[in-house]
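Please read the structure below before turning to the comments.
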2 protein chains.
Amino acid sequence: MERLEPIPSLMEATADRIRSAIILGELPLGSKLSEQKLADMLGVSRSPVHNALALLQYEGLVEVLPKVGSFVFTPSVKSAFDLCDHRAVLESASLQMAMEANPNTLIDALSKGAASMALAIKNNDPAAYTAGDLAFHAAIIECGGNKSIARAYSHTVGPLMALRTHLFTTMNTHLDRSMEEHLDLIQACKEGHIDHAMTVLSAHIGHLVREYQTASQSDAEQSRG
Amino acid sequence: MERLEPIPSLMEATADRIRSAIILGELPLGSKLSEQKLADMLGVSRSPVHNALALLQYEGLVEVLPKVGSFVFTPSVKSAFDLCDHRAVLESASLQMAMEANPNTLIDALSKGAASMALAIKNNDPAAYTAGDLAFHAAIIECGGNKSIARAYSHTVGPLMALRTHLFTTMNTHLDRSMEEHLDLIQACKEGHIDHAMTVLSAHIGHLVREYQTASQSDAEQSRG
DNA sequence: GTCAAACATGTAACATGTTAGTTTTGCGGG
DNA sequence: CCCGCAAAACTAACATGTTACATGTTTGAC
């Protein structure tokens, strides 16, 4: 019999709902999260909300001030850079590990991700593109085969997704260039050029950083204007 | 006025006590942690214990099976490797960042750590040596200046400390070689040879991995014998 | 008028009762 | 003797009452 997925606890379900709300931008950055109000809103008691907020604090999406309250995280430009650099480090290392251990598995997984991204561009479906992008990069980590790195990586996903959403109005993602970089990466892997692949990957994430930077600058200008 | 450090909550204090007990080997690997019994033992109610266990799960020191119980983590050889590799990745990256940003600060911090380690060897004080070692490597991360990486790094510390304790009977740490590697690293930094410094660092952590491996093999043989 | 101390209010942390799910055990049938 | 099933004991998850803390406001002294 197939291993069934564990039934999510109420706490986890609560965390999922709050996380989604943050990532989707329904809860603005920095806004206060009263445990009582969240409990009433979600129709549960305070316990699961309390524990869910603790979990989200570990993920970096929520900041908890003891005895005062919880708030949606307020990322600085620096922290966005840190997240991106961190991600680049983990992905580069995983890419190298994957290429040394089982390059074909990696290339297959990357190709699959790239295919769904290409389809998304064709259909002009940004959400699908983002999903494909996530899968592409998750595949690198997955193929690296290091559980500890995978865990750390997963903790960068939520905050970066939230950033992307909240800066979306001013972010103009260059889908074509992004797509091309992914294909370059696959090509480098196929040719066995690990160093070049790592360079491409770092550059790719570097572009993401620069987009966050310009987006946050635009945001700041809009705030002043 | 200097910023005072925040008073730890009961939950955090509870987590600290359980963490220490695991790292010091008072709670054996894989042993069951009943929330009720821990609460009675520590003289607190179940709530802070429950939340503390959730925190320790996030740190990787305990595994929680919903509705069943919590257990001290049971590291496999693979997971020990993963932790070491992960650490090597984070430290290498931080070393590079620190060398590019403010090499002198880094060298000062490393020298300070190395000094206390040398003193510990002179006094034949293994605990002090471990503390100096921790400070040395923490300094690399600190000087890297990336908060996201620092957070991930801190999550590798507890499990690795616990491993070290539990394998201590069979681990014969080569203090002299370890000390020498640290000094080599500082020298490479002073000369500005970033690549060489990263190589030395990776090799140093690689030695740690190999010690875990031989120690766990000895353990296995003892179990059979 | 200014400053500080008492107070009122709102908050999460903690304690504990209740519920629901899991594991173990013991008994009866094969 | 072994297997299956049922019941009991145990466990954590959840709900909620209580407490202690943080913070903003008012008031009284100077």
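Letters A, B, ... mirror the listed sequences (proteins, then strands); counts begin at 1.
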### Message
Rounded to whole Å, please give me the gap between CD in B:Q57 and C1' in D:dA13.
### Response
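My rounded result for the distance is 14 Å.
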
### Message
Can a donor-acceptor pair be found, under 3.5 Å and without considering hydrogens, that links the side chain of A:N146 to the backbone of B:D82?
### Response
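Yes, the answer is positive, given that a donor and an acceptor are paired below the 3.5 Å cut-off.
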
### Query
Is there a donor-acceptor pair under 3.5 Å between the side chain of A:D125 and the backbone N or O of A:A127?
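Yes, because the side chain of A:D125 sits within donor-acceptor range (under 3.5 Å) of the backbone of A:A127.
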
### Query
Are B:V49 and B:Q36 side-chain neighbours, meaning at least one heavy-atom pair lies under 4.5 Å?
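Side-chain contact under 4.5 Å: no.
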
### Query
Going by atom types only, do B:S94 and B:Y153 share a side-chain donor-acceptor pair under 3.5 Å?
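Per modelled atom types, B:S94 and B:Y153 side chains form no pair under 3.5 Å.
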
#### Entry: Derivation and outcome, side chain to side chain donor-acceptor pair (under 3.5 Å), residues A:H155 and B:Y58
CA-CA 11 Å; A:H155 294 149; B:Y58 181 79; 3.1 Å; yes

### Task
At under 4.0 Å between heavy atoms, which parts of nucleotides 12-20 of chain C does protein reach? Answer with one letter per nucleotide, 5' to 3': B base, S sugar-phosphate only, - none.
SBSBBBB--

